[in-house]
Amino acid sequence: MKAFHFGKGNIGRSFIGKLLADAGVELVFADVSQAVLDALNARHEHPVHVFGEQAKMEIVKSVSAVNSTSDDIIALVTEVDLVTPPSARRS
């Protein structure tokens with residue numbers, strides 16, 4: 001299964017991305033920060049701090065990224081099984 005998430009902020013990366021990765025879903029993030037996208041595409045993984053009684057660092061794997069201003073988005077949306085929206089921003 002493959003999913004697509006708009007935005008690579010804390011909610012997308014640490015919550016949505018982690019849940020999908022734990023379920024074995026390949027995840028593609030869309031964002032406008034090219035430096036962040038390049039780094040993610042170079043590693044295809046990112047760390048997530050898991051808090052709680054047993055706080056630890058986990059690595060989310062099988063991720064990639066695309067620039068959300070790119071025309072590649074159109075084809076990508078038609079290929080994936082699931083599209084998750086960005087989280088709402090607070091004012």
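Just so you know, residue 1 is the first one in the sequence shown, and it goes up from there. The model shown is predicted, which means the values in this text are computed figures rather than measured ones.
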Which heavy-atom pair separates [X] from [Y] by the least distance, and what is that distance?
{"X": "A3", "Y": "L20", "result": "CB-CD1, 3.9 Å"}
{"X": "H46", "Y": "V63", "result": "CD2-CG2, 4.0 Å"}
{"X": "V60", "Y": "A21", "result": "CG1-CB, 3.5 Å"}

Notebook entry, point to check: Excluding sequence neighbours, so at least two apart, what forms side chain to side chain contact (heavy atoms under 4.5 Å, CB included) with V83?
Noted result: F4, F6, V77, V80

Check: When you look at CD1 of I59, are more than 12 heavy atoms from neighbouring residues, nucleotides or ligands closer to it than 6.0 Å?
Finding: yes

Item checked: Donor + acceptor pair across side chains of N67, T69 (<3.5 Å) -> yes

Notebook entry, point to check: V66 and L37: side chain to side chain contact (heavy atoms under 4.5 Å, CB included), yes or no, with the steps?
Noted result: CA-CA 7 Å; V66 63; L37 300 176; over 6 Å; no

Taking atom [atom1] of [X] and atom [atom2] of [Y], what is their separation to the nearest 0.5 Å?
{"X": "H5", "Y": "I16", "atom1": "NE2", "atom2": "CD1", "value": "6.0 Å"}
{"X": "K2", "Y": "L82", "atom1": "NZ", "atom2": "CG", "value": "12.5 Å"}
{"X": "L76", "Y": "S64", "atom1": "CG", "atom2": "OG", "value": "7.5 Å"}

Margin query: Using the side chain to side chain donor-acceptor pair (under 3.5 Å) criterion, which residues pair with D22? Sequence neighbours excluded.
Written below: K18

Check: Linking I/L/V/M/F/W/Y whenever any side-chain heavy atoms sit under 4.5 Å apart, do V32 and L27 land together?
Finding: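 No, separate clusters.
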
Checklist line | V48 with L19, same ILVMFWY side-chain cluster at under 4.5 Å | finding: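 Looking at the clustering, L19 is in the same group as V48.
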
Check: Which residue pairs pass the salt bridge (charged side-chain N to carboxylate O under 4.0 Å, His left out) test when at least one of the two sits in residues 37-48, sequence neighbours left out?
Finding: E45-K61

